[in-house]
Amino acid sequence: NRGRAGVALQREAILRRCLMEASLDGMAVHDQQHRVVEANQRFADMLGYSMEEVLQLRTWDFDAVMSEAEIREGFSDISRVSGVFEAKHRRKDGSIYDVEVSVSGTRVGGEAVAFTVTRDISERKRAEEARREVEGRFRGVFQGVIDGILVTELEDGRVAMANRAMCAMLRCPEEELPSLRLGDLHPHERHPRLREPTNRRRDGAYLAKGVSVRRKDGSEFLADVSSVILEWQARKCLLSVYRDMTELNRV
């Protein structure tokens, strides 16, 4: 029985090692002193250390944010640590990268240990930063245009978004826009995209001149409207640009 148990443990250890080495993420086991006692090659490669060097490291040697004192205080009993969090790790060459760490603490043979799975999320962070930059530029252009811009749901005509110029045209505060429907703006006629389908241009936009638009207070004005169908937040929407022609018509 003892022999079979030993063989079973050996097989389990081999299987665990195979799983660790096959993982695309860095895996490591830490003891209560925060020393790395076991790791896969991916974990070592991420940090730029050899496997022998990795097994000499403690958590604060590669954590780029928390000090030794903070780690000792925050993780005083690693067997109770569990969760997923984002952090920054420092490579052997001093460079820093973003990681997502999943940690699960337990006790093995009466000793506290923590098993961690570390994923390099540097590319994801750069993509998120690039997306925020693009969105920031878009918001600047969107709000800076002097024409009114209105985004509505294609299915039910619900107003999803509008710029300041459109809010001013409709004399409607931005927070009240979600209560409007496209039909509220065009009570006398259907939207120009549907009313005059022959006005579709080669680029897919629909044009209509002298469209009557009703403001929130009930007054009306005439506008030239250009609309195009687009995908926005995984939904079919209609983006319409309104140019108030009141002053020009008066002249």
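Numbers here simply count residues along the sequence, with the first being 1. The shown structure was predicted, so the numbers you read here are calculated from the model rather than taken from an experiment.
- Scanning both residues, His34 and Ile78, for their nearest heavy atoms gives CE1-CG2, 3.6 Å.
- The hydrophobic cluster containing Val54 also contains Trp60, counting ILVMFWY residues as joined when their side-chain heavy atoms lie under 4.5 angstrom apart, directly or transitively.
- The distance from the SG atom of Cys172 to the CG atom of Asp217 is 10.0 Å, given to the nearest 0.5 Å.
- Residues Lys216 and Leu170 have side chains not in contact (no heavy-atom distance under 4.5 Å, counting atoms from C-beta outward).
- Screening Lys125, Arg131, Arg132 for a side-chain hydrogen bond (donor to acceptor under 3.5 Å, both in side chains) involving Glu129 leaves a single residue, Arg132.
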Query raised in the report: Would Phe62 and Phe43 count as a ring-ring contact (aromatic ring centres under 6.0 Å, His included) if you check the C-alpha gap in whole Å, the side-chain angles of each, and the deciding distance to 0.1 Å?
Result: CA-CA 11 Å; Phe62 53 84; Phe43 185 77; 5.7 Å; yes
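- Ionic pairing of Arg171 and Glu176 is not present here: no N-O contact between side-chain nitrogen and carboxylate oxygen is shorter than 4.0 angstrom.
- At least one side-chain heavy atom of Met66 sits under 4.5 Å from a side-chain heavy atom of Phe75.
- In this structure, CZ on Arg35 lies 11.0 Å from CG on Leu57, to the nearest 0.5 angstrom.
- Using a 4.0 Å cut-off between charged nitrogen and carboxylate oxygen, Glu68 and Arg72 count as a salt-bridge pair.
- What you find for His186 and Val213 is that their closest heavy atoms are CE1-CG2, 3.9 Å.
- In this structure, CD in Glu53 is found 10.5 Å from CG in Leu47, a value given to the nearest 0.5 Å.
- What you find for Asp224 and Lys209 is that their closest heavy atoms are OD1-CA, 3.2 Å.
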Report task. Determine, stepwise, if the pair His89 / Thr118 fulfils side chain to side chain donor-acceptor pair (under 3.5 Å). Result -> CA-CA 10 Å; His89 281 180; Thr118 304; 5.0 Å; no
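- The shortest distance between side-chain heavy atoms of Thr152 and Leu180 does not fall below 4.5 Å.
- Within the model, atoms CD1 of Ile149 and CG of Asn163 stand 4.5 Å from one another, a figure rounded to the nearest 0.5 Å.
- The salt bridge (charged side-chain N to carboxylate O under 4.0 Å, His left out) pairs that include a residue from residues 156-167 are Glu153-Arg158, where partners are two or more places apart or lie in different chains.
- Salt-bridge check for Arg107 with Glu111: failed, with every basic side-chain N at 4.0 Å or more from each acidic carboxylate O.
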Query raised in the report: What's the verdict on side chain to side chain contact (heavy atoms under 4.5 Å, CB included) for Ile71 and Asp63, showing C-alpha distance, side-chain angles and the deciding distance?
Result: CA-CA 9 Å; Ile71 290 175; Asp63 192 297; 4.1 Å; yes
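- Salt bridge absent: Arg58 and Asp61 never bring a charged side-chain N and a carboxylate O closer than 4.0 Å.
- In this structure, CG in Asp25 is found 7.0 Å from CE in Met46, a value given to the nearest 0.5 Å.
- The side chain to side chain donor-acceptor pair (under 3.5 Å) check on Glu220 picks up His188, Ser212, Arg214, with sequence neighbours excluded.
- Distance check: Ser122 OG to Asp98 CG gives 5.0 Å after rounding to the nearest 0.5 Å.
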